[in-house]
Protein chains: 4
Amino acid sequence: MNVQSTVNVGPYIIMEEISEKKRLIFESALDLIRERGFHGAPMSLVAGNAGVAAGTIYHYFKGKDDLIRELYAYNRERVIAIVDKAAGTGATRKERFFNIWNQLYEFYNQNDNVLIFFEQFLNSPYNADKSPNHLRGTLYSFFQEGMEAGEIRQVKPELLIVLTFGSVNSAAKLNLFSQVPLDQSDLRDAVEILWQGIATG
Amino acid sequence: MNVQSTVNVGPYIIMEEISEKKRLIFESALDLIRERGFHGAPMSLVAGNAGVAAGTIYHYFKGKDDLIRELYAYNRERVIAIVDKAAGTGATRKERFFNIWNQLYEFYNQNDNVLIFFEQFLNSPYNADKSPNHLRGTLYSFFQEGMEAGEIRQVKPELLIVLTFGSVNSAAKLNLFSQVPLDQSDLRDAVEILWQGIATG
Amino acid sequence: MNVQSTVNVGPYIIMEEISEKKRLIFESALDLIRERGFHGAPMSLVAGNAGVAAGTIYHYFKGKDDLIRELYAYNRERVIAIVDKAAGTGATRKERFFNIWNQLYEFYNQNDNVLIFFEQFLNSPYNADKSPNHLRGTLYSFFQEGMEAGEIRQVKPELLIVLTFGSVNSAAKLNLFSQVPLDQSDLRDAVEILWQGIATG
Amino acid sequence: MNVQSTVNVGPYIIMEEISEKKRLIFESALDLIRERGFHGAPMSLVAGNAGVAAGTIYHYFKGKDDLIRELYAYNRERVIAIVDKAAGTGATRKERFFNIWNQLYEFYNQNDNVLIFFEQFLNSPYNADKSPNHLRGTLYSFFQEGMEAGEIRQVKPELLIVLTFGSVNSAAKLNLFSQVPLDQSDLRDAVEILWQGIATG
DNA sequence: GATGAATGAGCTTTCATTCAT
DNA sequence: AATGAATGAAAGCTCATTCAT
């Protein structure tokens, strides 16, 4: 099955497999965009680095726009899966929050091409309305329930969501791209700053 | 004196004047990039919307790269000027922090073309090393002095800087581009969350 | 017996059978070319609309050129068959001429895809020398004999042939593609105009 | 003035001048299409044979479609001008008809690229409705007045128009592209056949 | 015979840049 | 300084054709 999407299999949401060719094209595009931006990722190069002919991409995607958008949807699912999994691990809400933050950080840190791609995509005309994403879903419930339990400050959940993603992104970019690498202690600082701000008392 | 740069005049950092034509070109480029991305801002359109001929741009800029980079430098100065000014207003450190955050938010909220441009630029190949910016300067001293005074948590100042900018950006984008507009109360929440996280006791 | 050609079987010229697949491919190509021109009839679409795979066409034709040329040859035979049949029906030469003209008109009127295809083909590089067709054969003899019998004006038979086909085509295209539909009376006008011009006395 | 169109200057309809570059591009396209068809006339070749760069064409035409359509409109005007001029020369209606037919024949005979282009264009998807052209205008009035004067058979004028053009085209193509060249006597035959058919008495 | 994924040459078109005016 | 016609490299994409299955 080539269409990237999700299916419900028992209690878990899993990503359907994507064809090997599609994965190669995704990987190639992701790396090129990270390295050279949308403009520096012509279809010919995406194809070349993926080891396929230029025309082959058009069997899997309607065009460059479609490729970019599917690339985003695919990686968005990866991030959602990380949040979903981390949100289920930990005894306390605080522990679960720390797990979410740390797992996201770890993911971006090891997949800086996704991090860069996301930021390029979200602020580009490909993402027509430039709306932030992930505003619904697990994280929304996580914060809402925390507020109901009196553990989280009464704030619009969407605000908490974007502050969380913003915090992870800022830390990851600082570590990856500046002369200021972050060690474990710095990361604890970063997540504690956020938690202390959003937790009650 | 067309080259955009900064000079120290007594205690103030001021921006040198830029020619009217340059300003028109900047404005045109900023709007086009916001609306259509780098890819949708060809020099001919930048020129057209600025009311000049295509060739004219090349009297002011070496090429498109140069234009983009100068556009960034110019707006970076605007942001620095806002931080510098806000950092000097307020009785307490907390007040000054709130002013900085709010002034930045206000600026991005009223200049979403700058916000979008920044995010596109910083993650693009134009910004070769993708290094976050603003890591030195007024904000650095602001946090450092706060730590020395025991009012700010002992954390790498660069981390505090990116978290601050990240927080402002996240809030501004949420307000501008989502279906979740932020009112004054939400904004107070946002800045308080951050301050509570970085302030001691 | 897939190769399309003609054989003489007794007094009749008959078309050899063509395979069902070939017929489907011909029909598909004819309709696509009529609707979208050569340029809008890619092999993949021809195959798709014929209900076969792209590769299958290459079992029946050497390539697109070959397909087009065979398509022409096939329909040329259909037209020749119509002329041949009509030329044998009618008591007088005039009656037979009217039958030829009317049968041709009827054929084109009911097969506008053939009409359009012919005009596209004959003026295209597929028909390298752009030579008009049907210059020999039944119609040639028909006119020659008419001249010998003193019933037809002494003119180069080829001229009479192209004027006849031109007259039928012009009328059919007027009826099919303009806002000026032709009724039975108009058709009689058309053929009478031609006959009055070529008949003696 | 670059836009090809017509203006009324006193009693004459004249064609506005078109720019030299445009004329070169038209000429190049016409020759290539004649020689190789639409498919064999890529923009790069059209440009090359016109002595301009590929991009230059796009200063004068929106795209290939636009070029083709303007090419048609331009040559259509040339043909209309010929008819208009010839229709005004000659003492009798018959003389004028002969002049129209002969001038048209002469034009196509000397501009076979126009003849071939017309036939390709009219039957192609460029001419979306495939409607025959020239159905109104000078020729329409010519036949209508002839009928009112009792000199021309009572027939739908549009039918007479397409028969006239069809007759000229058939003769020109026979002469140009077959092994049957037409001499002056043949041409007189051709036009007399038509006139005898459409004239009364 | 039949398939359709894969190929890659070649198409139309865009656009940063130049330069004669 | 200012113009904008002209350039031509390079982009996205199509499609006739092949070939492993």
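What's counted below: heavy atoms across the whole structure, side chains too, no hydrogens, waters or symmetry copies. Throughout, a chain's letter reflects where its sequence line sits, starting with A, and its residues are numbered from 1.
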Check residues 23-30 of chain B and write down every donor-acceptor pair under 3.5 Å in which the side-chain atom is one partner and the other belongs to a residue at least two apart or another chain.
unit_1: B/R23; atom_1: NE; unit_2: B/E20; atom_2: OE1; d: 3.4
unit_1: B/R23; atom_1: NH2; unit_2: B/E20; atom_2: OE2; d: 3.2
unit_1: B/S28; atom_1: OG; unit_2: B/V46; atom_2: O; d: 2.7

Side chains of residues 112-123 of chain B: which donor-acceptor pairs under 3.5 Å do they make with residues two or more places apart or in other chains?
unit_1: B/D112; atom_1: OD1; unit_2: B/R34; atom_2: NH1; d: 3.4
unit_1: B/D112; atom_1: OD2; unit_2: B/R34; atom_2: NH1; d: 2.1
unit_1: B/N113; atom_1: ND2; unit_2: B/D31; atom_2: OD1; d: 2.8
unit_1: B/E119; atom_1: OE1; unit_2: A/N123; atom_2: ND2; d: 3.1
unit_1: B/E119; atom_1: OE1; unit_2: B/K173; atom_2: NZ; d: 3.3
unit_1: B/E119; atom_1: OE2; unit_2: B/N169; atom_2: ND2; d: 3.1
unit_1: B/Q120; atom_1: NE2; unit_2: A/N123; atom_2: O; d: 3.0
unit_1: B/Q120; atom_1: NE2; unit_2: B/I33; atom_2: O; d: 3.4
unit_1: B/N123; atom_1: OD1; unit_2: A/K173; atom_2: NZ; d: 2.8
unit_1: B/N123; atom_1: ND2; unit_2: A/E119; atom_2: OE1; d: 3.2
unit_1: B/N123; atom_1: ND2; unit_2: B/E119; atom_2: O; d: 2.7

Find the distance [X]:[atom1] to [N]:[atom2] and express it as a whole number of Å.
| X | N | atom1 | atom2 | value |
| --- | --- | --- | --- | --- |
| A/L24 | E/dA6 | CG | P | 11 Å |
| A/I57 | F/dT14 | CD1 | C1' | 14 Å |
| A/K22 | E/dA6 | NZ | C1' | 17 Å |
| C/L32 | F/dC15 | CG | C1' | 14 Å |
| C/F61 | E/dA2 | CZ | C1' | 15 Å |

Tell me every residue that passes side-chain hydrogen bond (donor to acceptor under 3.5 Å, both in side chains) with [X], counting only those two or more places apart in sequence or in another chain.
| X | answer |
| --- | --- |
| C/N111 | none |
| B/Y72 | B/N133 |
| D/N127 | none |

TODO: Would you please confirm or rule out a distance under 4.0 Å between OP1 or OP2 of F/dA1 and any side-chain N or O of B/Y60?
DONE: no

Open item on the list: I'd like to know whether the aromatic ring centres of A/F38 and A/Y126 sit less than 6.0 Å apart in this structure.
Closed with: yes

Task: Where protein sits on nucleotides 13-21 of chain E, one letter per nucleotide: B base, S sugar-phosphate only, - none, heavy atoms under 4.0 Å - done: BBSSBB---

Open item on the list: Using a 3.5 Å limit for the pairing distances, which stems of at least 3 consecutive Watson-Crick or G-U wobble pairs does DNA chain F take part in?
Closed with: E:2-21 with F:2-21

Task: Residue pairs fulfilling side chain to side chain donor-acceptor pair (under 3.5 Å) with at least one residue in residues 42-59 of chain B, sequence neighbours excluded - done: none

- [ ] With sequence neighbours excluded, tell me which residues meet salt bridge (charged side-chain N to carboxylate O under 4.0 Å, His left out) with C/R69.
- [x] C/D65

